[in-house]
> 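Questions regarding the structure given below will be posed in turn.
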2 protein chains.
Amino acid sequence: MCPSRGVLEHVTSRWGVLVLVGLQEGTLRFSELRRRVAGVSEKMLSQTLQALEDDGFVLREVYAVVPPRVDYTLTSLGSEVAAQVEALTDWIEENIDRVAQARRARPERARAPR
Amino acid sequence: MCPSRGVLEHVTSRWGVLVLVGLQEGTLRFSELRRRVAGVSEKMLSQTLQALEDDGFVLREVYAVVPPRVDYTLTSLGSEVAAQVEALTDWIEENIDRVAQARRARPERARAPR
DNA sequence: CGGTATCCGCAACGATACTG
DNA sequence: CAGTATCGTTGCGGATACCG
């Protein structure tokens, strides 16, 4: 179908958003990124990074040292998309109070079964 | 934890993104929105709209007519967040060719089993 | 340290039927 | 037309174990 759907879903995925924003400020190692993205498991971080790497948004650099070291950096393409994502997350953080105020408890449309 | 996480996930959810962008151009009825958001089921559209309504991004107007009619419109808050989302989706559509080009020629890390 | 492999529970999702 | 209810399936995502 539409090829941009897949890319969009990688970028807007739960962890994709946070990884892109996390790398926005600069290169990070795997463990640093994991600490910065609160709540992500190793597996999901790894999967998310592979998807973003495959899309050309993230550069993965492996160093042959002991202990192993892997750096993750946004590509120029990644920086551009991350800027868009960050604009969104920044808007939410700046306006979270307005949202909290607008959010009303929805009148119950269904009652719990008895 | 962080209250903005929930809002972020509603907004960046698979259908949330497409609904916000779809409503950006103006008010739509349920069935119109369903046609516009390709591939969404009634159930998911309904759930997505409820989440966005609860967050104060979407206004739901019910008309007491036959046949029934329900209009969905972005609130001012919704318009603002939709603008951020649309900036992201527009970037992807405009740059999908660059992404597609960056994607190719990724070195295989694992070989298919023989 | 930086992963991949495997298992598996559970929530999300789609399809269908039904209702106001 | 605009949903809700129910059900069966799927695949996300966490936990664990193990490898380079």
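Order of the sequence lines fixes the chain letters, A, B, ..., with proteins taken first and strands second; residue numbering starts at 1 for each chain. This is a predicted model, so every value here is computed, not measured.
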> What's the CZ-P distance between A:Arg60 and C:dG2, to the nearest Å?
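In whole Å, C:dG2 P lies 10 Å from A:Arg60 CZ.
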> Regarding B:Tyr63, tell me which of base, sugar-phosphate or nothing describes its non-hydrogen contacts under 4.0 Å with the strands shown.
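Since no nucleic acid heavy atom lies under 4.0 Å of B:Tyr63, the category is nothing.
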> A:Glu86 and A:Thr89: which non-hydrogen atoms are nearest, and at how many Å?
O-OG1, 3.0 Å
> Side chain of A:Ser46 only, please: which of D:dT4, D:dG3, C:dG3 is the nearest?
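Selected nucleotide (nearest to the side chain): C:dG3.
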> Without decimals, in angstroms, what is the distance between B:Met44 CE and C:dT16 P?
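For the pair B:Met44 CE and C:dT16 P, the rounded distance is 17 Å.
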> Nearest of D:dG3, D:dG13, D:dG20 to any side-chain atom of A:Pro68?
D:dG20
> Within less than 4.0 Å of OP1 or OP2 of C:dT4, is there a side-chain N or O belonging to A:Gln47?
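Negative; the distance criterion is not met.
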> Roughly, in whole Å, what's the span from CG in A:Leu49 to P in C:dG2?
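So the two atoms are 12 Å apart, to the nearest Å.
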> Any side-chain N or O of B:Ser41 under 4.0 Å from OP1/OP2 of C:dA15?
no
> Side chain of A:Thr75, backbone of A:Gly56: donor and acceptor closer than 3.5 Å?
yes
> Please tell me if B:Arg34 has a side-chain N or O lying less than 4.0 Å from either OP1 or OP2 of D:dG3.
no
> OG/A:Ser13 to CZ/B:Arg14 distance, rounded to the nearest 0.5 angstrom?
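The OG atom of A:Ser13 sits 12.5 Å away from the CZ atom of B:Arg14.
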> To the nearest 0.5 angstrom, please state how far the CD atom of B:Glu94 sits from the CD atom of A:Glu80.
10.5 Å
> B:Glu61 has an atom CD; how far is it from atom P of D:dG3, in whole Å?
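It works out to 13 Å between those atoms.
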> Using the side-chain heavy atoms of B:Lys43, tell me which of these nucleotides is nearest: D:dG3, D:dC1, C:dC13.
C:dC13
> Rounded to whole Å, how long is the line connecting atom CZ of A:Arg14 with atom P of C:dA11?
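In whole Å, C:dA11 P lies 13 Å from A:Arg14 CZ.
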> Please state how far atom CD in B:Glu53 lies from atom C1' in D:dA2, giving the value in whole angstrom units.
14 Å
> What's the shortest heavy-atom distance between B:Glu42 and B:Phe30, and which atoms?
O-CZ, 3.9 Å
> For A:Leu45 and C:dG2, what is the distance between atoms CG and C1' respectively, to the nearest whole Å?
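Rounded to whole Å, this separation is 10 Å.
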> Any side-chain N or O of A:Tyr72 below 4.0 angstrom from OP1/OP2 of C:dG3?
yes
> May I have the distance from B:Arg69 (atom CZ) to D:dG3 (atom P), rounded to whole angstrom?
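Result: 12 Å.
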> Choosing from D:dC1, C:dA15, C:dA17, which nucleotide comes nearest the side chain of B:Glu42?
C:dA17
> Which heavy-atom pair separates B:Arg29 from B:Pro68 by the least distance, and what is that distance?
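Minimum heavy-atom contact is NH2-O, 3.3 Å.
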> Strictly below 4.0 Å, heavy-atom distances to any atom of DNA chain D: list the hits from residues 23-32 of chain B, or just say none.
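B:Arg29, B:Phe30, B:Ser31 - these, ordered by number, are the residues of the stretch whose heavy atoms sit under 4.0 Å from the strand.
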> Please name the pair of heavy atoms, one in A:Val85 and one in B:Leu88, separated by the smallest distance, quoted to 0.1 Å.
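Taking every non-hydrogen atom into account, CG2-CD1, 4.0 Å.
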